[in-house]
Protein chains: 2
Amino acid sequence: MPTMTAAQRRAAEKADYDAFLAQCPSRQLLDRLSDKWVTLAMVALDAGPQRYSQLSRTIAGVSQKMLTQTLRTLERDGLVTRTVTPSVPVTVTYELTDLGRSLQGVVELLKDWAESHMDAVLSARQEYDAALAY
Amino acid sequence: MPTMTAAQRRAAEKADYDAFLAQCPSRQLLDRLSDKWVTLAMVALDAGPQRYSQLSRTIAGVSQKMLTQTLRTLERDGLVTRTVTPSVPVTVTYELTDLGRSLQGVVELLKDWAESHMDAVLSARQEYDAALAY
DNA sequence: CGGAATCCTGCCTGATACTG
DNA sequence: CAGTATCAGGCAGGATTCCG
């Protein structure tokens with residue numbers, strides 16, 4: 001682990017995290033969580049433990065690079081577990097941790113909001129675009 | 001019209017088989033909401049109607065370009081209102097709409113999660129990094 | 001003050017090839 | 001199957017300048 005700068009140490013000792021501060025760790029965490037692949041992966045994993053190939057099928061449009069990268073950071077942050085079964089061919093299963101499940105609930109709300117307010121957003125866009133057409 | 005991106009091509013090919021994420025309209029909306037500037041702007045606006053300059057101060061690290069761009073799309077999607085007071089110099093105030101407020105609650109949870117689980121994530125990272133050091 | 005327009009760079013993303 | 005490695009490009013996003 002790299003050494004903290006004096007400024008970072010002072011900030012960490014200040015107890016409360018504030019995501020509005022650019023240098024605050026929680027801000028960087030929020031930035032990472034506010035990523036579409038993270039969101040989609042978390043939502044997909046709500047269906048239970050899944051294999052890599054199934055996730056790539058569920059999350060249509062994700063490249064293998066981004067899926068791997070996303071799952072790695074989620075694993076590193078303690079949100080998912082990665083289990084390798086040394087069969088031939090190898091089987092890798094991803095599963096939400098307790099920490100991940102606590103976040104999943106929030107992300108799920110985001111997905112639910114998107115689905116239930118689609119119409120309102122679409123009509124707002126039409127109205128906005130119509131007003132610009134002058 | 002520009003060529004399709006690889007993601008769009010892949011998504012289009014899988015469209016008919018995966019109703020969950022492939023081309024569901026809410027997928028695009030969810031992608032849009034899963035943006036760090038959107039998240040931060042929505043959270044910031046919870047404090048009430050605010051002027052452009054105040055928002056830029058609250059959301060540390062945001063460039064003028066990204067703030068404007070983010071607020072524009074939020075306005076277009078009917079999540080915020082933009083009010084111009086034709087004084088000199090001009091005053092512009094942003095405020096959440098009812099639709100925006102319904103989303104704000106969810107996004108706020110995301111920020112709260114990030115701040116309250118920061119320690120857990122940090123220790124998970126240390127553990128992960130330590131395990132890799134062999 | 002609150003932008004718009006422009007330029008420009010970095011890195012994020014995707015494609016391809018290879019591996020255990 | 002589940003990745004890693006590498007390379008190329010496109011666009012997100014920062015910096016700067018100018019304007020009502």
Side-chain angles (χ1 to χ4, degrees), chain A residues 22-23 27-28 30-41 44-45 49-76 80-95 128 132, chain B residues 1-14 22 27-28 31-41 44-45 49-76 80-95 128 132:
Chain A
Q23 68 277 20
R27 163 64 171 274
Q28 280 140 33
L30 187 59
D31 287 352
R32 280 227 37 77
L33 298 180
S34 298
D35 173 73
K36 65 174 180 175
W37 299 129
V38 169
T39 303
L40 289 166
L45 282 168
Q50 284 174 74
R51 301 181 56 178
Y52 180 90
S53 54
Q54 184 172 357
L55 283 172
S56 72
R57 261 177 273 119
T58 301
I59 309 173
V62 68
S63 67
Q64 121 276 40
K65 176 178 178 176
M66 287 318 298
L67 182 56
T68 298
Q69 186 175 304
T70 300
L71 290 170
R72 280 285 181 282
T73 57
L74 289 179
E75 184 196 4
R76 179 168 182 261
V80 306
T81 57
R82 177 173 177 271
T83 309
V84 180
T85 304
S87 53
V88 178
V90 90
T91 299
V92 181
T93 304
Y94 292 92
E95 184 175 9
Y128 182 88
L132 280 187
Chain B
M1 175 179 165
T3 21
M4 286 178 112
T5 66
Q8 287 173 328
R9 243 182 291 114
R10 245 200 314 275
E13 287 162 2
K14 294 186 178 180
R27 160 71 175 271
Q28 275 86 37
D31 287 352
R32 292 225 35 109
L33 300 180
S34 299
D35 174 73
K36 63 175 177 177
W37 299 128
V38 168
T39 303
L40 289 167
L45 282 168
Q50 283 175 75
R51 300 181 58 178
Y52 180 90
S53 53
Q54 184 171 357
L55 284 171
S56 70
R57 259 176 275 119
T58 301
I59 308 172
V62 68
S63 66
Q64 163 266 327
K65 177 179 177 178
M66 289 317 297
L67 182 56
T68 298
Q69 190 177 106
T70 301
L71 289 171
R72 280 285 182 282
T73 59
L74 290 180
E75 185 195 4
R76 180 169 181 260
V80 306
T81 57
R82 177 173 177 270
T83 308
V84 180
T85 304
S87 52
V88 178
V90 89
T91 300
V92 181
T93 305
Y94 292 91
E95 183 175 9
Y128 181 88
L132 280 188

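Protein chains get the first letters and strands the later ones, always in sequence-line order, with residue 1 at the start of each. Quantities reported herein were computed from a predicted structural model and do not represent experimental measurements.
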Discussion item. The criterion is side-chain hydrogen bond (donor to acceptor under 3.5 Å, both in side chains); which residues satisfy it with Arg32(B), sequence neighbours excluded?
Written reply: Thr73(B)
Taking N or O atoms only and anything under 3.5 Å, show me the protein contacts with nucleotides 4-7 of chain D, one pair per line.
from   : atom 1 : to       : atom 2 : distance (Å)
dT4(D) : OP1    : Arg72(A) : NH2    : 3.1
dT4(D) : O4     : Gln64(A) : NE2    : 2.6

Worksheet item: Rounded to whole angstrom units, what separation is found between the CE atom of Met66(A) and the C1' atom of dC12(C)?
Response: 7 Å
Response to the item:
From CD1 of Ile59(A) across to P of dG14(C) the rounded distance in Å is 13 Å
Item to complete: Would you mind reading off the distance between Leu71(B) atom CG and dG2(C) atom P, rounded to a whole angstrom?
Response: 11 Å
Item to complete: Compare every heavy atom of Leu45(B) with every heavy atom of Tyr94(B), then report the nearest pair and how far apart it is.
Response: O-CD2, 3.6 Å
Worksheet item: Can you tell me how far C1' of dG2(C) sits from CD of Gln54(B), to the nearest Å?
Response: 14 Å
Fill in: Under the salt bridge (Lys or Arg N to Asp or Glu O under 4.0 Å) test, residues paired with Lys36(B) that sit two or more places apart
Asp31(A)
Fill in: Those residues that, when tested against Ser56(B), pass side-chain hydrogen bond (donor to acceptor under 3.5 Å, both in side chains) (two or more places apart)
none
Worksheet item: Whole Å only: how far is the NZ atom of Lys36(A) from the C1' atom of dC11(D)?
Response: 12 Å
Discussion item. Whole angstroms only, please: what is the CG-C1' distance between Leu55(B) and dG3(C)?
Written reply: 14 Å
Worksheet item: Do the side-chain N or O atoms of Ser63(A) get closer than 4.0 angstrom to the phosphate oxygens (OP1, OP2) of dT13(C)?
Response: no
Discussion item. My understanding is that only residues two or more places apart in sequence, or in another chain, count here; which of them pass salt bridge (Lys or Arg N to Asp or Glu O under 4.0 Å) with Asp35(B)?
Written reply: none
Practice prompt. Would you please name every residue forming a side-chain hydrogen bond (donor to acceptor under 3.5 Å, both in side chains) with Thr83(A), sequence neighbours left out?
Written response: none
Discussion item. If you take any heavy atom closer than 4.0 Å to DNA chain D, which residues from residues 84-95 of chain A end up in contact?
Written reply: Pro89(A), Val90(A), Val92(A), Tyr94(A)
Which atom pairs, one a donor and one an acceptor, fall under 3.5 Å between side chains of residues 60-69 of chain B and the rest of the protein, sequence neighbours left out?
from     : atom 1 : to       : atom 2 : distance (Å)
Ser63(B) : OG     : Met66(B) : N      : 3.2
Thr68(B) : OG1    : Tyr52(B) : OH     : 3.1
Thr68(B) : OG1    : Gln64(B) : O      : 3.0

Worksheet entry | Thr81(A): partners by side-chain hydrogen bond (donor to acceptor under 3.5 Å, both in side chains), with sequence neighbours left out | none
Worksheet entry | dC1(C) phosphate, OP1 or OP2, under 4.0 Å from Arg51(B) side-chain N/O | no
Item to complete: Check the distance between dA2(D)'s C1' and Leu67(A)'s CG and give it to me in whole angstrom.
Response: 10 Å
Discussion item. In this structure, how many angstroms lie between the P atom of dA12(D) and the CD atom of Gln69(B), rounded?
Written reply: 8 Å
Worksheet item: Looking only at heavy atoms, which two atoms of Leu33(B) and Val38(B) are closest? And how far apart?
Response: O-CG1, 4.0 Å
